[in-house]
Amino acid sequence: MKLSRKILKFTEPLMYRRGWRRAQRSIFRVPLGPMVAKIDQQRAREIQQRYANSTAGYAKYANIEPWLRLNRERVQDLNLQRSAPKRVLDLGCGGGFFLFILKNLGHSVLGLDIERVVLFTELLELFEVPRVVWKISAFEPLPDLGQKFDWVTAFSVNFNLYHPSKERWGTAEWEFFLRDLQAHLTPGGKVFFGLNPLYDGDYYSPELRDLFLSRGASVERERIFFERGLRF
Ligand SMILES: C[S@@+](CC[C@H](N)C(=O)[O-])C[C@H]1O[C@@H](n2cnc3c(N)ncnc32)[C@H](O)[C@@H]1O
């Protein structure tokens with residue numbers, strides 16, 4: 001098969017799925033206005049102004065509206081705007097944008113993150129999104145979270161990095177992590193990861209992709225979705 005045809009074979013379904021998600025978003029809208037109206041506007045402005053001249057990488061999150069729009073897409077792409085109330089755990093929840101939207105849609109939410117960035121704590125307080133402070137580490141189980149979840153999500157994942165080497169987890173670490181996650185899920189509970197690219201632009205090694213697939217995921221570039229739960 002010619003290279004151009006091979007590329008088309010790979011990119012066509014991807015473009016189709018993206019187009020489908022875009023279309024769904026425009027059909028099943030999620031108005032942010034009423035949600036934003038519930039936020040303490042004065043506090044939101046104060047946070048934004050305080051970080052306006054900050055050179056810290058995370059300072060961009062102080063301007064909340066673009067991040068709410070991005071996270072609205074995440075909610076829509078997982079169809080959570082059309083779902084009955086679910087219990088959702090978001091790993092590496094950051095400022096809690098995703099969970100803030102879900103909470104407003106009637107879901108019960110919990111974030112989990114380290115407590116390194118003060119801005120994230122401020123945003124979580126602004127959004128009134130609860131968070132468990134916990135550092136996810138390779139081969140260490142998550143804490144008892146007092147409940148099981150219908151959904152576990154993680155976006156722009158970077159808890160899978162070793163410090164300071166920035167080396168990424170291999171299949172053994174992910175296998176341990178997925179098995180442990182299973183204990184925190186209701187039967188058939190869904191899991192979604194949005195991975196960050198590796199430095200060479202790839203999202204995973206072929207072995208890791210195979211592991212995700214063998215555990216029941218659909219894998220679409222950075223999107224790893226265990227829509228029917230984890231398979232062991
Ligand atoms: C790139 S940010 C993404 C934040 C949010 N998920 C989003 O997409 O807007 C990665 C998040 O993961 C958190 N994080 C990094 N390492 C972690 C670890 N070992 N355990 C828990 N959270 C971690 C960071 O504090 C940060 O909030």
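Predicted, not measured: the structure shown is a model, and the values here were computed from it. Just the heavy atoms: all of them, side chains too, but no hydrogens, waters or symmetry mates, feed the values below. Counting convention: from 1, in listed order, for ligands and their atoms alike. The chain is numbered in sequence order, starting from 1.
For the pair F120 and ligand 1, the shortest N or O to N or O distance does not fall below 3.5 Å. Here's the thing with L91: none of its N/O atoms is less than 3.5 angstrom from an N/O atom of ligand 1. By the 3.5 Å distance cut-off applied to N or O atoms, N71 is not counted among the residues near ligand 1. Below 3.5 Å of separation, one finds an N or O of N158 facing an N or O of ligand 1.
The shortest contact between atom 17 (C) of ligand 1 and any protein heavy atom is with F159 CB, 3.6 Å. Scanning all protein heavy atoms for the shortest distance to atom 19 (N) of ligand 1 gives I136 O, 2.9 Å. In terms of protein heavy-atom proximity, atom 26 (C) of ligand 1 is nearest to D113 OD2, 3.6 Å.
Aromatic pair Y61/Y51: centroids not less than 6.0 angstrom apart. Ring centroid separation for the pair F155 and F192 comes in under the 6.0 Å cut-off.
Distances below 4.0 Å separate heavy atoms of K135 from the following atoms of ligand 1: 19 (N), 20 (N). Per-residue contacts place R74 under 4.0 angstrom from the following atoms of ligand 1 (heavy atoms of the residue considered): 7 (C), 8 (O), 9 (O). Near W134, the atoms of ligand 1 lying under 4.0 angstrom from a non-hydrogen atom of the residue are 20 (N), 21 (C).
Note that CZ of R221 is 8.5 Å distant from OH of Y204, once rounded to the nearest 0.5 Å.
With a 4.0 Å cut-off on non-hydrogen atoms, E140 does not touch ligand 1 at all.
Among S156, G92, S137, the residue whose heavy atom lies closest to atom 5 (C) of ligand 1 is G92.
Taking each heavy atom of F232 and Q182 in turn, the nearest pair found is CD1-NE2, 3.7 Å.
Salt bridge R69/E73: absent, no basic N to carboxylate O contact under 4.0 Å. A salt bridge does not link E140 with K135: every distance from a Lys NZ or Arg NE/NH1/NH2 to an Asp or Glu carboxylate oxygen is 4.0 Å or more. With respect to D77 and R25, a salt bridge is recorded, a charged nitrogen being found less than 4.0 Å from a carboxylate O.
Here the side chains of R87 and W151 are not in contact, with every heavy-atom distance at 4.5 Å or above.
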